[in-house]
Q: 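One structure coming up, written as structure tokens, with questions to follow.
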Number of protein chains: 2
Amino acid sequence: MSIEVIFGQQLRKIREERKLSQEELALRSKLDRTYISLLERGKRRPTLNTIFALAAQLDIAPSEIVRIVETIFRKNS
Amino acid sequence: MSIEVIFGQQLRKIREERKLSQEELALRSKLDRTYISLLERGKRRPTLNTIFALAAQLDIAPSEIVRIVETIFRKNS
DNA sequence: CTGTAGACTATCGTCGACG
DNA sequence: GCGTCGACGATAGTCTACA
């Protein structure tokens, strides 16, 4: 499984746990709603700055998101 | 200080600790040498996939690099 | 509330060359 | 071994609109 797909799945999971809509997350992180949609479906690869912007609104450390992604990535490869 | 500048400084630090040249790192991570140079000087923002590619050749976890960056980022902001 | 599509701008990342 | 420059193709990220 590719890094961006894993990232997208985890982003969605974390967002839903926070009970935020894509719209809310987009508004708060100053990104576009359709872009959040693309990210969650693994159609885009976020830059480091984008990861920081998202993490800040999800009450999670950027490194923690990356840690989760890398853990899953190692298992599936 | 911006995220990309902090990232660049830490990338350079880690690379030098490994005693790798930009050329070597570029070759191994399948990126361009001039791009490594741009990254280290904070002129580019790496995507998540790029961070994974670099970390893999630096014997460090991607999340660990991000953790270092975010620690410095919090201090300086 | 989310997915998709298309058109668009900005930036990532490559490449060759020079100092 | 590195910084820089210019040109370039690829993709990140925006925006409007519709289902």
Side-chain angles (χ1 to χ4, degrees), chain A residues 1-63 65-66 68-70 72-73, chain B residues 1-60 62-63 65-66 68-70 72-73 77:
Chain A
M1 191 131 53
S2 65
I3 293 167
E4 61 269 22
V5 168
I6 297 172
F7 176 85
Q9 293 173 343
Q10 297 309 309
L11 174 60
R12 171 162 294 177
K13 184 181 173 194
I14 296 167
R15 176 181 63 78
E16 291 180 340
E17 286 171 358
R18 299 328 185 240
K19 301 192 188 302
L20 285 177
S21 65
Q22 290 181 353
E23 254 167 343
E24 261 303 302
L25 178 57
L27 187 68
R28 298 189 191 183
S29 56
K30 296 179 182 171
L31 291 168
D32 194 80
R33 177 187 71 78
T34 64
Y35 178 56
I36 305 287
S37 175
L38 288 166
L39 277 179
E40 290 190 351
R41 286 174 292 118
K43 304 298 185 187
R44 286 290 188 281
R45 301 169 172 183
T47 62
L48 181 59
N49 293 60
T50 299
I51 294 171
F52 269 67
L54 290 169
Q57 303 309 321
L58 291 170
D59 279 320
I60 188 172
S63 61
I65 298 186
V66 176
I68 294 169
V69 172
E70 94 196 8
I72 298 173
F73 183 66
Chain B
M1 188 129 56
S2 63
I3 294 167
E4 62 270 23
V5 169
I6 297 171
F7 175 84
Q9 293 172 343
Q10 298 309 310
L11 174 60
R12 171 162 295 178
K13 185 181 172 193
I14 295 167
R15 175 180 65 77
E16 291 179 341
E17 286 171 357
R18 300 325 185 241
K19 300 192 189 302
L20 285 177
S21 65
Q22 291 181 352
E23 256 167 341
E24 261 302 302
L25 178 57
L27 187 68
R28 297 189 192 182
S29 55
K30 295 179 182 173
L31 291 167
D32 195 80
R33 178 188 70 79
T34 65
Y35 178 55
I36 304 287
S37 175
L38 289 165
L39 277 177
E40 289 189 352
R41 286 173 294 120
K43 304 300 186 187
R44 286 289 189 282
R45 301 169 174 184
T47 62
L48 182 57
N49 293 59
T50 299
I51 295 170
F52 268 67
L54 290 169
Q57 302 308 320
L58 290 170
D59 279 320
I60 188 172
S63 62
I65 297 186
V66 175
I68 295 170
V69 171
E70 94 195 9
I72 298 174
F73 182 68
S77 67

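Every chain is numbered from 1, with letters handed out A, B, ... down the list of sequences.
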Q: dG13(D), dT14(D), dT2(C): which one has an atom nearest the side-chain heavy atoms of Asp32(A)?
A: dT14(D)

Q: Within this structure, what is the CD-CG distance for the pair Glu17(A) and Leu58(A), rounded to the nearest 0.5 Å?
A: 10.0 Å

Q: Can you confirm whether Asp32(B) sits close enough to Leu38(B) that some side-chain heavy atom of one is under 4.5 Å from a side-chain heavy atom of the other?
A: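 No; the side chains remain at least 4.5 Å from each other.
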
Q: Whole angstrom is fine here: how far is it from NZ in Lys43(A) over to P in dT14(D)?
A: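 It works out to 19 Å between those atoms.
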
Q: Mind calculating the distance between CD1 (Ile36(A)) and P (dT14(D)) to the nearest angstrom?
A: 8 Å

Q: Closer than 4.0 angstrom, basic N to acidic O: yes or no for Glu40(B) and Arg15(B)?
A: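 A salt bridge is present here (some side-chain N lies under 4.0 Å from a carboxylate O).
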
Q: Glu16(A) versus Arg12(A): any side-chain heavy-atom pair under 4.5 Å?
A: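 They are in side-chain contact.
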
Q: Could you list the protein-to-nucleotides 5-11 of chain D atom pairs, N/O on both sides, closer than 3.5 Å?
A:
none

Q: Rounding to an integer number of Å, can you tell me how far Leu27(B) CG sits from dC2(D) C1'?
A: 16 Å

Q: Side chain of Arg41(B) only, heavy atoms from C-beta on: which candidate in dG3(D), dC12(C), dG3(C) is closest?
A: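 My answer, after comparing the listed nucleotides, is dG3(D).
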
Q: Atom CD of Glu4(A) and atom C1' of dC12(C): how far apart are they, to the nearest Å?
A: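 Rounded to whole Å, this separation is 15 Å.
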
Q: Roughly how many Å is it from CG in Asn49(A) to P in dC12(C), rounded to a whole number?
A: 8 Å

Q: Can you name the residues that form a side chain to side chain donor-acceptor pair (under 3.5 Å) with Thr50(A), not counting sequence neighbours?
A: Thr47(A)

Q: Whole angstroms only, please: what is the CD1-P distance between Ile51(A) and dC12(C)?
A: 13 Å

Q: Would you mind reading off the distance between Lys19(A) atom NZ and dC1(C) atom P, rounded to a whole angstrom?
A: 15 Å

Q: Round to the nearest Å and state the distance from Leu31(A) atom CG to dT11(C) atom P.
A: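 To the nearest whole Å, that distance equals 14 Å.
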
Q: Does any donor-acceptor pair link the side chain of Arg33(A) with the base of dG13(D) at a separation under 3.5 Å?
A: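 Result: no qualifying N/O pair found.
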
Q: Do Gln57(A) and Leu25(A) touch side chain to side chain, with heavy atoms closer than 4.5 Å?
A: yes

Q: Show your reasoning for whether side-chain contact (heavy atoms from CB on, under 4.5 Å) applies to Ile65(B) and Leu54(B).
A: CA-CA 10 Å; Ile65(B) 297 186; Leu54(B) 290 169; 5.6 Å; no

Q: Ignoring backbone atoms, establish whether Thr47(A) has a side-chain N or O less than 4.0 Å from OP1 or OP2 of dT11(C).
A: no

Q: Within the pair Ser21(A) and dC1(C), is there a side-chain N or O less than 4.0 Å away from OP1 or OP2?
A: no

